[in-house]
A.B. asks: 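Before we start, here is the structure in question, set down as structure tokens.
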Amino acid sequence: MPELPEVETIRRSLEEKVKGKTFTGVEIFLDKMLKGLEPGDLDEKFKGKKITGIDRRGKYLLINLTGGVVMVIHLRMTGQLLYCAPDQEKAKHTHLVFHLNDMYQLRFIDQRQFGKVHIVSLKELGSISGLKNLGVEPLSDIFTREHFKKGLRNRRIKIKPLLLDQTFIAGIGNIYADEALFRARVNPEQVAANINAREAVRLYTAIREVLLEGVENRGTSIKDYVDGDGTRGSNQNYLRVYGREGEPCLKCKTAIQRKVISGRSAHFCPKCQKL
DNA sequence: CGTCGCTCCTGGATGC
DNA sequence: TGCATCCAGGAGCGAC
């Protein structure tokens with residue numbers, strides 16, 4: 001579910017609520033969702049730690065605590081992280097409840113149970129392989145046209161699965177990949193190395209645009225996604241290809257196609273995005 | 001190393 | 001209505 005714009009929206013909405021607050025305890029309803037916190041290190045690693053800020057890397061949320069402790073959270077497909085009043089009814093699939101000293105709670109909810117919360121010391125951060133191997137942040141200054149063009153060189157993989165590869169670029173998921181490819185008029189099955197300079201620049205620009213607009217619209221809420229306050233985003237109203245199979249292309253009226261590429265559904269206009 | 005297919009789950013939509 | 005099947009926004013893992 002949540003891709004870069006959604007995770008960034010959650011980060012912003014949560015940070016203003018919990019920054020400066022202190023954790024007082026945790027309730028664990030499903031063991032496997034929480035990693036790195038044994039009953040023995042509850043006090044040392046968690047209780048009494050104050051939240052100093054929240055960062056984002058790719059689709060990971062990093063909640064920084066005093067004492068060099070970090071909560072690393074990945075929401076995968078259906079995860080939610082909600083700041084809740086204590087009397088708010090517990091939603092189905094609430095697996096972890098973190099208690100704060102303002103009596104409010106940070107709740108981790110995840111229908112499909114693919115998400116994960118790690119509580120680690122700074123020196124253990126490197127043991128989270130997905131985080132360690134993340135690629136460039138697409139909205140940062142070091143992600144340049146040249147950086148992107150270079151990354152395509154010699155890659156025999158199709159461009160769509162490459163965009164989804166988090167070690168290539170961090171934070172793009174299925175929705176924004178399809179939207180970026182449509183705007184750049186690049187076919188999702190195009191082999192990365194065969195993308196020419198002009199197309200590469202278009203795709204580079206499109207990636208930044210769709211992600212930035214996604215953040216401005218506070219994320220894409222198709223099914224489960226809400227921010228830290230439980231508020232839905234509005235970017236689903238502006239999607240041009242994702243979820244529009246059979247509907248007319250907004251540019252040429254050709255029916256949008258859906259095709260499984262590398263195990264993921266890709267949505268594209270067969271006329272505007274010729275191979 | 002690069003690429004691909006399978007897998008972890010629940011539940012909503014669809015088909016018979 | 002009941003039941004089976006397919007599908008979903010992600011990514012780690014083993015196989016080749």
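Here is the naming used below: chain letters follow the sequence lines, and residue numbers restart at 1 for every chain. Scope of the values below: all heavy atoms of this structure, side chains included, with no hydrogens, waters or symmetry mates. Worth saying up front: this structure is predicted, and the values here are computed from it rather than measured.
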A.B. asks: Which of these nucleotides, B/dC4, C/dG12, C/dG9, is closest to any side-chain atom of A/Y60?
C.D. replies: C/dG12
A.B. asks: Roughly how many Å is it from CZ in A/R232 to P in C/dG9, rounded to a whole number?
C.D. replies: 16 Å
A.B. asks: If you check the A/R155 side chain, which of B/dG2, C/dA8, B/dC4 turns out closest?
C.D. replies: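 That would be B/dG2.
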A.B. asks: Let me have DNA chain B in dot-bracket notation, would you? Count Watson-Crick plus G-U wobble pairs, both distances under 3.5 Å, and use [ ] for pairs crossing earlier ones and | for inter-strand partners.
C.D. replies: .|||||||.|||||||
A.B. asks: With nearest nucleotide decided by heavy atoms, which residue, A/R258 or A/Q166, maps closer to the 5′ end of DNA chain C?
C.D. replies: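 The answer here is A/R258.
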A.B. asks: Pick the P atom in C/dC3 and in B/dC9, then give their distance to the nearest Å.
C.D. replies: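 It works out to 24 Å between them.
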A.B. asks: From CG of A/L162 over to C1' of B/dC4, roughly how many Å is that when rounded to an integer?
C.D. replies: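 Spelled out: CG on A/L162 to C1' on B/dC4 is 14 Å.
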A.B. asks: Check this one for me: any side-chain N or O of A/T220 less than 4.0 Å away from OP1 or OP2 of C/dG9?
C.D. replies: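 So the side chain of A/T220 is outside the cut-off, no N or O lying under 4.0 Å from OP1 or OP2 of C/dG9.
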A.B. asks: Can you build the contact string for nucleotides 8-13 of chain B? Use B for base contact, S for sugar-phosphate-only contact, and - for no protein heavy atom under 4.0 Å.
C.D. replies: BBBS--
A.B. asks: About how many Å separate NZ of A/K92 and CD1 of A/I109, when rounded to the nearest 0.5 Å?
C.D. replies: 13.0 Å
A.B. asks: Going by atom types only, do A/Q190 and A/K158 share a side-chain donor-acceptor pair under 3.5 Å?
C.D. replies: no
A.B. asks: When you measure from the side-chain N and O atoms of A/R264 to the phosphate of B/dC4, is any distance below 4.0 Å, counting only OP1 and OP2?
C.D. replies: no
A.B. asks: May I have the distance from A/R57 (atom CZ) to C/dA11 (atom P), rounded to whole angstrom?
C.D. replies: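 To the nearest whole Å, that distance equals 13 Å.
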A.B. asks: Hey, does A/V186 have a side-chain heavy atom less than 4.5 Å from the side chain of A/I195?
C.D. replies: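 SC-SC contact between A/I195 and A/V186 confirmed.
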A.B. asks: Below the 4.0 Å mark, does C/dG9 have OP1 or OP2 next to a side-chain nitrogen or oxygen of A/S221?
C.D. replies: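 For C/dG9, OP1/OP2 do not have a side-chain N/O of A/S221 under 4.0 Å.
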A.B. asks: Using atom C1' in both nucleotides, what's the gap between B/dT3 and C/dG9 to the nearest angstrom?
C.D. replies: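 Result for the C1' pair: 23 Å, nearest Å.
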A.B. asks: Counting only side-chain nitrogens and oxygens, does A/Y242 get under 4.0 Å of the OP1 or OP2 atom of C/dG9?
C.D. replies: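 For A/Y242, the contact criterion (side-chain N or O under 4.0 Å from OP1 or OP2 of C/dG9) is met.
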A.B. asks: Could you check whether the rings of A/Y60 and A/H74 sit parallel, tilted or perpendicular, using 30° and 60° as the cut-offs?
C.D. replies: perpendicular
A.B. asks: Rounding to an integer number of Å, can you tell me how far A/R153 CZ sits from B/dG2 C1'?
C.D. replies: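 After rounding, the gap between these two atoms is 18 Å.
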A.B. asks: Take atom CG of A/L164 and atom C1' of C/dA8, then tell me their distance rounded to the nearest Å.
C.D. replies: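 That distance rounds to 14 Å.
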A.B. asks: Can you check the A/Q80 CD to C/dG9 P distance for me, whole Å?
C.D. replies: 17 Å
A.B. asks: Salt-bridged, A/E3 to A/K59, with N to O below 4.0 Å?
C.D. replies: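 Salt bridge absent between A/E3 and A/K59.
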A.B. asks: Any non-hydrogen side-chain atom of A/K35 less than 4.5 Å from a side-chain atom of A/I119?
C.D. replies: no
A.B. asks: Give a yes/no on whether any side-chain N or O of A/R156 is located under 4.0 angstrom from OP1 or OP2 of B/dT3.
C.D. replies: no
A.B. asks: Looking only at the side chains, is there a donor atom on one of A/K50 and A/N101 sitting less than 3.5 Å from an acceptor on the other?
C.D. replies: no
A.B. asks: Without hydrogens or angle criteria, can the side chains of A/S121 and A/E124 be said to hold a donor-acceptor pair below 3.5 Å?
C.D. replies: yes
A.B. asks: How would you label the contact of A/F168 with the nucleic acid (heavy atoms, under 4.0 Å): base, sugar-phosphate, or nothing?
C.D. replies: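 The answer is nothing, as A/F168 stays clear of every strand by at least 4.0 Å.
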A.B. asks: Would you call the rings of A/F148 and A/Y204 parallel, tilted or perpendicular if under 30° counts as parallel and over 60° as perpendicular?
C.D. replies: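 Because their plane-to-plane angle lies in the 30° to 60° range, the rings of A/F148 and A/Y204 count as tilted.
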A.B. asks: Could you state the CG-P distance from A/L163 to C/dG9, rounded to the nearest angstrom?
C.D. replies: 15 Å
A.B. asks: Would you classify A/G130 as touching base, sugar-phosphate or nothing, given that sugar-phosphate means primed atoms plus P, OP1 and OP2, and contacts are heavy atoms under 4.0 Å?
C.D. replies: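 Sugar-phosphate, no base atom in range.
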A.B. asks: What residues form a side-chain hydrogen bond (donor to acceptor under 3.5 Å, both in side chains) with A/T167, not counting sequence neighbours?
C.D. replies: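 Expected list: A/D165.
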A.B. asks: Ignoring backbone atoms, establish whether A/H74 has a side-chain N or O less than 4.0 Å from OP1 or OP2 of C/dA11.
C.D. replies: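 Looking at the OP1 and OP2 atoms of C/dA11, one of them is under 4.0 Å from a side-chain N or O of A/H74.
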A.B. asks: Can you check the A/L134 CG to C/dG10 P distance for me, whole Å?
C.D. replies: 14 Å
A.B. asks: Looking at A/E15 and A/R11, does any basic side-chain N land under 4.0 Å from a carboxylate oxygen?
C.D. replies: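 Yes.
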